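Throughout, a chain's letter reflects where its sequence line sits, starting with A, and its residues are numbered from 1. Just so it is clear, the structure is predicted and the values come from calculations on it, not from any experiment.
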There are 2 protein chains.
Amino acid sequence: MQPEQIKKVNIKELARLLSLSTATVSKALKDSYEISEQTKKKVQEAALKYNYTPNPYASSLRKKKSKTIAVVLPEVDDNYFSLAIKGIQAIAEEKGYHLLMYLSHEKLSIEKAIIDACTSGRVDGVLISISKESNTASHLNQLIAEQIPVVFFDRAMDVFEAPRVITNDFESGYYAANLLLEKGCKKPVFLSVSSSLPICNLRAEGFLKALTDAGFKGKANDQLIYCDGTDAENYAQVKKLLKSKKRPDAVVGSVERLAIHAYFACQELGLTIPKDLKVVAFSSLEIAPILNPSLSTITQPAFETGKKAAEILFSNIEKPGKVKASETFILPTAYFERGSTL
Amino acid sequence: MQPEQIKKVNIKELARLLSLSTATVSKALKDSYEISEQTKKKVQEAALKYNYTPNPYASSLRKKKSKTIAVVLPEVDDNYFSLAIKGIQAIAEEKGYHLLMYLSHEKLSIEKAIIDACTSGRVDGVLISISKESNTASHLNQLIAEQIPVVFFDRAMDVFEAPRVITNDFESGYYAANLLLEKGCKKPVFLSVSSSLPICNLRAEGFLKALTDAGFKGKANDQLIYCDGTDAENYAQVKKLLKSKKRPDAVVGSVERLAIHAYFACQELGLTIPKDLKVVAFSSLEIAPILNPSLSTITQPAFETGKKAAEILFSNIEKPGKVKASETFILPTAYFERGSTL
DNA sequence: TTTATTTACGAAACCGTTTTCGGAATTTGT
DNA sequence: ACAAATTCCGAAAACGGTTTCGTAAATAAA
């Protein structure tokens, strides 16, 4: 095969081929009123023929718009986050934006580096679900300094003002606890994935409130356990808990993974769900119904959360300040009672 | 709060502040030998102080390198793909590259548009897992025309020469069938997600070969069913199959989702796995052991596939032609026999 | 017919970097 | 002391577009 010398044409060469100026070509391609219909047609045909595609970065440089947004999240191999991304992507695609994906791996240091990379024009906006370690917002201030809109989804930060879309976490936690209490549980425990994430804390607070309302007197640190280590550490911790003499008779997983840990631990320890342990999880796992036993979930609208967050972001990109930084969007969760709480 | 006028400094202003030229500043920042240690230090300190970050697109434009790669895949809310992305991201992060994520939603037309967006300098390389509809490679030719390295992962294209990393699909299909035959299955069926994807076809061929070797005489189209519609359509199809009078006594899901469909269908139809139907799936589902019943899987090394593909891509970005287009990397699958085939 | 207006295009500046190349100042060699 | 080499820096030209602004020609208004 002949190595085709398809010299990529840029606007300059295209202009030369047409005996026009680059200015005219540029304007013709974006259907400017300054150009006659006749030349517009010629230019557009030639562009097609020579397969001209404008260099996006040259264009970004001049227009100071990148048509790109960043989504930064802790992990991607997670049911919730991959659904959220899907929602974000749906809107981005609709708007013709490109999507840069970054993972913080739950590290603040990495998150900082990521935000750094988002500045200086790389992106027009940022969607972020913060890491467990993110207790300071200093890195995010760079973004407001450069007027780059930010929207939180799921994991937001209290100390930084930006629109956020979350779920009714307190109520959901309250609901989960009550459900377990109704089933006669005496020692329910909330497995929190973080002591710093507001979303987790709200869920935990709701849970504890329900216990208090029901007259429980136990110490909070018996009812609330932080599993904020690595996956392996968390699993070990859950397993240890279920093996200890103060084994709970029910757990609420603040995230899907913790509930899964409980399932595996029970399997390994020979405990039976729901007889020995009832389980509820904040989760959007589609296959919850076919787990053994089927898992009761407080289902978060992951896809919709992503969509909504993206919509807000674009709204603020197109019209800065349209959605106020103080606004919070609460999407409702849904409760599905299944085999793990029978 | 005072609206801080943090005027973002660019290299020009930084140079002015230092009474130096932009050339000197630029060189100082990248530790050029042309600049004295003294000025280097001054410049670097000033850059830090004024929080200077080079505009990435200006830099890309001049250097003709974007430090960005694209990963294009059919869907993201899929266990396999999200793990693959994780692997890709790990390498990209290590190399200091940015990751543009695109979804084709199994549409060739969208895939074409995506590839189009990847040209003209937007990315330095492309990792792709093609859509079900992708039966032509014309869109990918644009990439070779612009010398943009491409690497396939998982779903490769026969008619386009690029390095690919896949699994030992034929053998795995063969293995899956044999396992079912050993269990005494008389009517095993392969559920293929596509009639065009080589990866699927290989798995199917291995499966059929095992049947032939075992002396099966049935028509291939009774043993091989294409579920290449939407999710809902596929589910309906699987359900219909399991309800029909020629209901199979075992199915092999060419992808995770099809096996999940079978689980749900059985649940709805009152069929019991593995008694009424045995199930094996090509899958990398971590929670396969806690399904009801636990799912026998041919586990694909999703994470490693992503990593390997990314490594090859960077190898070809850094040294064009390093990995030949004809090379195929085969990563081994692992078989886990669980409750669904007992 | 003269003047005012509109139409259609091009020259050139600009976006923020990087890189080449030239040259002044300093150091080294003899 | 003078030539040669080295060190260190800046002017200017890219990179590939977009946008402003000026203007010649065509048309409309008087």
Polar-atom pairs under 3.5 Å, protein N or O versus N or O of nucleotides 24-26 of chain C: list them with distances, or write none.
none

On DNA chain C, more 5' by nearest nucleotide between B:E34 and B:A58 is B:A58
Review point. For C:dC9, does either OP1 or OP2 sit under 4.0 Å from a side-chain N or O belonging to A:T39?
Key: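 So the side chain of A:T39 is within the cut-off, an N or O lying under 4.0 Å from OP1 or OP2 of C:dC9.
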N-O pairing of [X] and [Y] below 4.0 Å:
X      : Y      : answer
B:K86  : A:D77  : yes
B:K67  : B:D124 : no
A:K307 : A:E94  : no
A:E161 : A:K324 : no

Check whether any side-chain heavy atom of A:N141 lies under 4.5 Å from a side-chain heavy atom of A:F160, and answer yes or no.
yes
Can you pull out how bent the helix from C:dT1-D:dA30 to C:dT30-D:dA1 is, comparing the axes over its first five and last five pairs, to 10°?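 Roughly 40°, once rounded to the nearest ten degrees.
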*Contact class for A:S120 vs. all strands (heavy atom < 4.0 Å): base, sugar-phosphate, or nothing?*
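Contact class for A:S120: none.
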* Asked: How would you give the extent of chain B contacts on DNA chain D, as first and last nucleotide 5' to 3' within a 4.0 Å heavy-atom cut-off?
  ->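 The footprint of chain B covers D:dC8 to D:dG16.
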Interatomic distance, [X] [atom1] vs [N] [atom2] [rounded to whole Å]:
X     : N      : atom1 : atom2 : answer
B:K65 : C:dT17 : NZ    : C1'   : 16 Å
A:Y57 : C:dT18 : OH    : C1'   : 17 Å
A:L18 : C:dA8  : CG    : C1'   : 15 Å

| message | Testing the 3.5 Å rule here: is there a donor-acceptor pair between the side chains of A:S134 and A:E111? | response |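 A:S134 vs A:E111: donor-acceptor pair found between side chains.
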Got a sec? Which of residues 20-32 of chain A come in under 4.0 Å of DNA chain C, heavy atoms?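 Within residues 20-32 of chain A, the residues near DNA chain C are A:L20, A:S21, A:A23, A:T24, A:K27.
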Return the set of residues passing side-chain contact (heavy atoms from CB on, under 4.5 Å) with A:S59 (not counting sequence neighbours), or none when no residue passes.
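Expected list: A:K63.
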| task | Please determine which of A:I115, A:N316, A:L143, A:V72 meets the side-chain contact (heavy atoms from CB on, under 4.5 Å) test together with A:V150. | result |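 The residue from A:I115, A:N316, A:L143, A:V72 that satisfies side-chain contact (heavy atoms from CB on, under 4.5 Å) with A:V150 turns out to be A:L143.
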Go through the structure and list residues passing ring-ring contact (aromatic ring centres under 6.0 Å, His included) with B:F303, not counting sequence neighbours.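 If we apply the ring-ring contact (aromatic ring centres under 6.0 Å, His included) test to B:F303, skipping adjacent residues, there are no hits.
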Query raised in the report: For B:E37 and B:R62, take the nucleotide of DNA chain D holding the closest heavy atom to each; which residue's nucleotide lies nearer the 5' end?
Result: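 The residue closer to the strand's 5' end, by nearest nucleotide, is B:E37.
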- request: Show the numbers, then the answer: is there a side-chain contact (heavy atoms from CB on, under 4.5 Å) between A:L108 and A:I110?
  value: CA-CA 5 Å; A:L108 175 56; A:I110 298 185; over 6 Å; no
Relative to the ring of B:Y57, is the ring of A:Y57 parallel (under 30°), tilted (30 to 60°) or perpendicular (over 60°)?
-> parallel
